[in-house]
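Below: one structure, written as structure tokens.
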Amino acid sequence: MITGLEDVLGGLSVDDAIADVGVYSDKARYHALFAALRREDPVRWTEPSRYRPFWTVSKHADISEVQRKPALFLNGPRTQLNTIEAEDRIRAVTGRNQVQRTIISTDGAEHAALREISSAWFQPESVRRLEDNVAKIARHSIDRLAEHGGSCDFASDIAVWYPLRVILMILGLGAEAESTILRLSKQMNGALDEENQRSSSQGEHLLTVVQEIFDYFRPIAEDRRRHPRDDLASVIANARMDGQPLDDMSVFSYYLTVAIAGHDTTSATSAGGLLALLQNPAEMAKLREKPSLLRLAVNEMVRWTHPVKHFFRTAAQDYELRGRRIKAGDSLLMCYPSACRDEEVFKEPNQFKVDRAANPHLAFGIGPHVCLGQYLAKVELTAFFTELLARVQHIELDGEPVESRTLFMGGLKRLPIRYSMVRETADV
Ligand code: HEM
């Protein structure tokens, strides 16, 4: 029984609040709700009105326990929170629970084989080889900031473009792909944000967007099969599993996963990280004084912004978790943002600290599905903030920040700022 949350719930039941996009787009409400869940009902059977029921798992230790047992807790059956209407519509059209078949929605040997296809590109040594190019793209982003002339919407003018350019460079897609991928990825992850909606039915919306994305990727995959190049799009298009080429659906889904996972998350972290620095001037000052803290600061930004709000796991057999009897077939909502504020793991979890040294957050997940792009994300964020702190002299908020409306992935969609650049003298 959860008590004392009337202001947070705003008339919703606890179960409806756990699946309410208004709660997710207001971090204070979200964290108040989940702090109470961790305290009073950490593994909670949840029956929200428009969704099939699930267990809400809010503690760091429990999410870790579940995700470290991939044979007992599967990804395949249900990956993310969609309404019953959307789940039924998607199943009727595709015959599966997901609009696409991805590395995230597979298990066991199939998952390992799919992950293997691209994993070499995301290992620390490979990412180190990309550092110069990433730094160039970071520099270009701060040039763009300078061109805006002292004020801009950091989220939509700068943050969304930077990681998009990096991931498209890795995939081998040029600048002409940027605006299409950006629009489609916003529509994929922001299906509950009115600004992105293509249909009042969530299921219809997702199916339409995915079809458009696959139509976009089809000629790219065909081209890379005929003329392979040194890029990730070619590696995926020509990959084989069990001696067979990947089918089109798997190739397009792979492109989509890499493009979206590699972009929305990191842009949300750069905007959320900048906001955290603006709201905590003493932390900004510490970082300016001691730039070597940036490695820790970037990890703290990821914990603080936690751009991925959940994934599901489904129990393959009965299991007891923190005294609750999970039955085979039950699904469990892994609440990463809640784990990132777990007071049993983090000292002063609701403080943003650029020098937080012990920081075993779960914003990148854990276990065999742990984020494939985590090294890349950290390199990107480090390059970006190195450039920003060196070239922007003064920076402040210039209006209200606005969070995107999502239950799944994302962060700030508006971050109005005012700033002055360090005067740059041309070399003579
Ligand atoms: C701050 C940035 C990022 C965050 C917070 C983040 C978070 C996550 C999370 C929570 C998962 C699920 C992990 C699990 O189930 O245990 C994941 C998976 C994944 N991420 Fe990231 N991610 C980020 C950046 C990236 C980047 C830059 C890429 C580049 C390609 C990427 C690619 C992937 C892929 C491919 C998976 C699926 C892995 C699998 O199922 O085996 N992510 N990420």
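All values derive from a computational prediction rather than experimental measurement. Heavy-atom basis, side chains included; hydrogens, waters and symmetry copies ignored. In each ligand, atom 1 is the first atom listed, and ligand 1 is the first ligand listed.
Among protein heavy atoms, atom 32 (C) of ligand 1 sits closest to Ala261 CB, 3.6 Å. Scanning all protein heavy atoms for the shortest distance to atom 37 (C) of ligand 1 gives Ile104 CG1, 3.4 Å. At the shortest separation from atom 34 (C) of ligand 1 among protein heavy atoms lies Leu372 CB, 3.9 Å. In this structure, the protein non-hydrogen atom closest to atom 10 (C) of ligand 1 is Ala363 O, 3.2 Å.
Shown here are the ring pair (Phe, Tyr, Trp, His ring centres under 6.0 Å) partners of Tyr375, two or more places apart in sequence or in another chain: there are none.
Of the candidates Cys371, Gly367, Gly272, the one placing a heavy atom closest to atom 43 (N) of ligand 1 is Cys371. Residue Phe364 holds the heavy atom nearest to atom 9 (C) of ligand 1 of all those in Tyr375, Trp121, Phe364, Tyr336.
Contacts between Ile167 and ligand 1 below 4.0 angstrom, taking non-hydrogen atoms only, involve the side chain exclusively. If you look at Thr269 next to ligand 1, the close heavy atoms, those under 4.0 Å, all belong to the side chain.
With respect to Glu300, the salt bridge (Lys or Arg N to Asp or Glu O under 4.0 Å) criterion is satisfied by exactly one of Lys378, Lys353, Arg356: Arg356.
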side-chain hydrogen bond (donor to acceptor under 3.5 Å, both in side chains) between Asn350 and His31: does it pass, once the steps are laid out? CA-CA 9 Å; Asn350 296 315; His31 285 300; 5.3 Å; no
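Using a 4.0 Å cut-off between a side-chain N of Lys or Arg and a carboxylate O of Asp or Glu, Asp318 and Lys327 do not qualify as a salt bridge.
Listed by atom number, the atoms of ligand 1 under 4.0 Å from Gln67 heavy atoms are 14 (C), 15 (O), 16 (O). Heavy-atom proximity to His111, at under 4.0 Å, picks out these atoms of ligand 1: 39 (C), 40 (O), 41 (O).
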